[in-house]
Colleague: 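Take this structure, written in structure tokens, and hold onto it; I'll ask about it next.
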Amino acid sequence: MLIPRRDTGFVHPFASEITPQAVYRDRRRLLQLMASGAAGAAMAAWAARDALAQEGGAPRPGKLAALPARRSAVDGAATMEKLTDYKDASTYNNFYEFGTDKADPARNAHTLKTRPWTVEVEGLVKKPGKYGIEDLLKLSAQEERIYRLRCVEGWSMVIPWVGYSLSELIKRVEPQGSAKYVEFVTLADKATMPYVGSRVLDWPYVEGLRLDEAMHPLTLLAFGMYGEVLPNQNGAPVRLVVPWKYGFKSAKSIVKIRFVEQEPGTAWNKAAKQEYGFYSNVNPEVDHPRWSQATERRIGEDGLFAKKRKTLMFNGYGAQVGPLYAGMDLKKFY
């Protein structure tokens with residue numbers, strides 16, 4: 001069997017050179033080969049490289065601790081679109097606890113202390129409790145999920161996350177019948193987060209989902225990305241990823257998960273209710289007052305002649321999540 005190499009072609013499977021980010025680059029190469037009719041050989045090559053990656057043979061893009069993961073079998077969990085470069089995904093961020101400029105989190109988040117870390121589960125559950133990050137990492141098998149990420153500001157990325165469905169944790173704590181929503185409370189530590197206390201938002205940053213949204217298999221409790229643990233600026237050590245909603249719904253650095261009966265107030269909804277609805281599903285037909293949602297700019301495709309992409313309803317996950325909103329007026333419940 002042959003495996004791809006980053007230069008001109010293919011090498012023997014026992015060759016020692018496995019280049020940085022090779023696993024992810026091969027995914028992009030696969031798309032090109034499929035277009036040229038070489039899908040069978042490419043699939044075999046991809047499988048071989050994935051096997052090496054699972055054995056720890058592939059260098060890590062950010063050189064953080066490795067977080068191995070199996071390929072997910074969840075429907076919709078692996079888009080074949082070109083991945084955003086790790087550098088872009090880890091340096092172009094919204095994380096207002098560390099500053100409002102896109103580069104601020106990467107500059108400032110080194111102060112965040114992610115060990116020890118505890119997530120408290122409380123509210124309308126039969127089994128409330130506190131989970132150390134080590135316990136959460138072992139609660140279910142880690143999976144790779146390659147999701148589109150769409151920001152309400154009109155830009156997007158494609159990121160390979162590592163984690164497992166939030167439903168795995170929810171099932172363990174056994175919500176009571178009166179629980180209708182899940183609230184996520186994030187860290188607000190002035191000692192390690194220099195912009196906590198600023199007037200931009202009401203701290204701590206809080207987000208929420210309807211219980212059926214939280215239970216959907218695509219809703220991810222994420223601990224890593226690109227085969228490594230999460231960088232601080234991306235929400236270490238544990239965050240939410242809800243791929244059919246705008247990025248601000250995916251709470252970072254979570255410290256509390258609360259099950260409640262009433263719709264919780266969320267950070268951006270409280271800050272600007274007319275601009276940020278509770279649901280915040282990606283919807284090209286409902287514009288934000290400052291940003292059109294009809295198209296998006298994919299980070300890494302910023303050339304002079306790069307065209308914007310058309311935004312997909314539910315960010316392209318309509319087949320999986322559309323039934324959650326059957327009969328709802330999505331212009332009213334934005």
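This structure is a prediction, so every number in the text was calculated from the model and none was measured.
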Colleague: Can we say E143 and R70 salt-bridge, meaning some charged N sits less than 4.0 Å from an Asp/Glu carboxylate O?
Modeller: yes
Colleague: Not counting sequence neighbours, list each pair that qualifies as a salt bridge (Lys or Arg N to Asp or Glu O under 4.0 Å) and has a residue in residues 318-331.
Modeller: none
Colleague: Does E263 have any side-chain hydrogen bond (donor to acceptor under 3.5 Å, both in side chains) partners at least two apart in sequence or in another chain, and if so, which?
Modeller: none
Colleague: Can we say R148 and E81 salt-bridge, meaning some charged N sits less than 4.0 Å from an Asp/Glu carboxylate O?
Modeller: yes
Colleague: Applying side chain to side chain contact (heavy atoms under 4.5 Å, CB included), run through R309 and T295 and close with a yes or a no.
Modeller: CA-CA 5 Å; R309 296 166 176 260; T295 60; over 6 Å; no
Colleague: For side chain to side chain contact (heavy atoms under 4.5 Å, CB included), just list the numbers for L211 and K180, CA-CA rounded to whole Å, side-chain angles, deciding distance to a tenth of an Å, and then say yes or no.
Modeller: CA-CA 5 Å; L211 182 57; K180 299 294 187 290; 5.7 Å; no
Colleague: Among all residues two or more places apart in sequence or in another chain, which pass the ring pair (Phe, Tyr, Trp, His ring centres under 6.0 Å) test with Y92?
Modeller: W155
Colleague: Please assess Q274 against Y334 for the test side chain to side chain contact (heavy atoms under 4.5 Å, CB included), listing each intermediate value before the final yes or no.
Modeller: CA-CA 10 Å; Q274 300 306 314; Y334 58 91; 4.3 Å; yes
Colleague: Donor-acceptor pairs under 3.5 angstrom involving side-chain atoms of residues 170-178: please list them, not counting sequence neighbours.
Modeller:
residue: R172; atom: NH2; partner: L139; partner atom: O; Å: 2.9
residue: E174; atom: OE2; partner: K127; partner atom: NZ; Å: 3.2
residue: Q176; atom: NE2; partner: V125; partner atom: O; Å: 3.4

Colleague: Applying ring pair (Phe, Tyr, Trp, His ring centres under 6.0 Å) as the test, list every pair that has at least one member in residues 168-187; sequence neighbours left out.
Modeller: Y181-F278
Colleague: Identify whether the distance between the nearest side-chain nitrogen and carboxylate oxygen of E153 and K102 falls below 4.0 Å.
Modeller: yes
Colleague: Checking P194 now: which residues fulfil side-chain contact (heavy atoms from CB on, under 4.5 Å) with it, not counting sequence neighbours?
Modeller: F98, N108, T111
Colleague: Verify the cluster assignment for V321 and F333: are they in a single hydrophobic cluster under the rule of side-chain heavy atoms below 4.5 Å apart?
Modeller: yes
Colleague: For K87 and D85, run salt bridge (Lys or Arg N to Asp or Glu O under 4.0 Å): C-alpha distance rounded to whole Å, both residues' side-chain angles, the deciding distance at 0.1 Å, then the answer.
Modeller: CA-CA 5 Å; K87 182 178 179 181; D85 285 346; over 6 Å; no
Colleague: Applying side-chain contact (heavy atoms from CB on, under 4.5 Å), name anything that partners V162, two or more places apart in sequence or on another chain.
Modeller: L67, A69, Q142
Colleague: Out of curiosity, T118 OG1 to I133 CD1, how far, rounded to the nearest 0.5 Å?
Modeller: 9.0 Å
Colleague: Nearest 0.5 Å, what's the OG-CG distance between S140 and L221?
Modeller: 10.0 Å
Colleague: Quick test of your reading of the model: are E213 and K245 salt-bridged, counting only N-O distances below 4.0 Å?
Modeller: yes
Colleague: Under 6.0 Å between ring centres, would you say that holds for W244 and Y279?
Modeller: no
Colleague: Do T186 and K252 have side chains that get closer than 4.5 Å, going by heavy atoms?
Modeller: no
Colleague: In terms of hydrophobic clustering (I, L, V, M, F, W, Y; side-chain heavy atoms under 4.5 Å; direct or indirect links), are V74 and F314 co-clustered?
Modeller: yes
Colleague: To the nearest 0.5 Å, tell me how far L209 CG sits from E207 CD.
Modeller: 7.0 Å
Colleague: Considering only heavy atoms from C-beta outward, does the side chain of L240 approach that of L166 to under 4.5 Å?
Modeller: yes
Colleague: Are any side-chain N or O atoms of S292 and backbone N or O atoms of A294, one a donor and one an acceptor, separated by less than 3.5 Å?
Modeller: yes
Colleague: Looking at residues at least two apart in the chain, or sitting in another chain, which of them share a side-chain contact (heavy atoms from CB on, under 4.5 Å) with S280?
Modeller: Y246, F248, K249
Colleague: To the closest 0.5 Å, what do you measure between CG (N315) and CG (L149)?
Modeller: 7.5 Å
Colleague: Is any side-chain heavy atom of R107 less than 4.5 Å from a side-chain heavy atom of D101?
Modeller: yes
Colleague: Among R150, R297, R298, which residue meets the side-chain hydrogen bond (donor to acceptor under 3.5 Å, both in side chains) test with S156?
Modeller: R298
Colleague: Do V286 and L330 sit in one hydrophobic cluster, given that two such residues count as connected whenever their side-chain heavy atoms are within less than 4.5 Å of each other, even indirectly?
Modeller: no
Colleague: Are the side chains of S250 and R239 in touch, meaning some heavy atoms are under 4.5 Å apart?
Modeller: yes
Colleague: Give a yes or no on whether the backbone of E285 and the side-chain of N283 come within a donor-acceptor separation of less than 3.5 Å.
Modeller: yes
Colleague: Please tell me whether L169 and V182 are part of a single hydrophobic cluster in this structure, the criterion being side-chain heavy atoms less than 4.5 Å apart.
Modeller: yes
Colleague: Give me each pair satisfying ring pair (Phe, Tyr, Trp, His ring centres under 6.0 Å) with a member in residues 107-132, each pair once, sequence neighbours excluded.
Modeller: none
Colleague: Verify side chain to side chain contact (heavy atoms under 4.5 Å, CB included) between E261 and L124, making sure each step is shown before the conclusion.
Modeller: CA-CA 8 Å; E261 186 172 3; L124 301 175; 4.0 Å; yes
Colleague: Is there a donor-acceptor pair closer than 3.5 Å between any side-chain N or O of D88 and the backbone N or O of I299?
Modeller: no
Colleague: Any side-chain donor paired with an acceptor under 3.5 Å for R145 and T79?
Modeller: no
Colleague: Tell me whether K310 is salt-bridged to E296, with the criterion being a basic N under 4.0 Å from an acidic carboxylate O.
Modeller: no
Colleague: Can you tell if the side chain of S90 reaches within under 4.5 Å of the side chain of M225, non-hydrogen atoms only?
Modeller: yes
Colleague: Who are the side-chain contact (heavy atoms from CB on, under 4.5 Å) partners of N93, not counting sequence neighbours?
Modeller: P105, Q233, N234
Colleague: Do L220 and Y147 make a side-chain contact, defined as non-hydrogen atoms from C-beta onward lying under 4.5 Å apart?
Modeller: yes
Colleague: At what distance, to the nearest 0.5 angstrom, does CG of L83 lie from CE of M157?
Modeller: 12.0 Å
Colleague: Looking at R258 and E122, does any basic side-chain N land under 4.0 Å from a carboxylate oxygen?
Modeller: yes
Colleague: Quick check for you: to the nearest 0.5 Å, what is the distance between Y226 atom OH and T84 atom OG1?
Modeller: 5.0 Å
Colleague: Mind running ring pair (Phe, Tyr, Trp, His ring centres under 6.0 Å) on Y96 and W268 for me, showing each step along the way?
Modeller: CA-CA 12 Å; Y96 280 16; W268 282 107; 5.7 Å; yes
Colleague: Judged by atom type as modelled, is there a donor-acceptor pair below 3.5 Å linking the side chain of E120 to the main-chain atoms of I257?
Modeller: no
Colleague: Under the ring pair (Phe, Tyr, Trp, His ring centres under 6.0 Å) test, which residues partner H288, sequence neighbours left out?
Modeller: Y276, W291
Colleague: Measuring only between side-chain heavy atoms, which start at C-beta, is V255 closer than 4.5 Å to V119?
Modeller: no
Colleague: Check which hydrophobic residues are tied to L312 through side-chain heavy-atom contacts below 4.5 Å, counting indirect links as well, and list them.
Modeller: none
Colleague: Side chain of T192, backbone of L112: donor and acceptor closer than 3.5 Å?
Modeller: no
Colleague: Can you check whether Y205 reaches S253 side chain to side chain, under 4.5 Å on heavy atoms?
Modeller: no
Colleague: Run the salt bridge (Lys or Arg N to Asp or Glu O under 4.0 Å) check on E301 and K308 step by step: do they pass?
Modeller: CA-CA 9 Å; E301 298 178 359; K308 287 189 174 182; over 6 Å; no
Colleague: Would L187 end up clustered with Y195 when hydrophobic side chains under 4.5 Å apart are linked, directly or stepwise?
Modeller: no
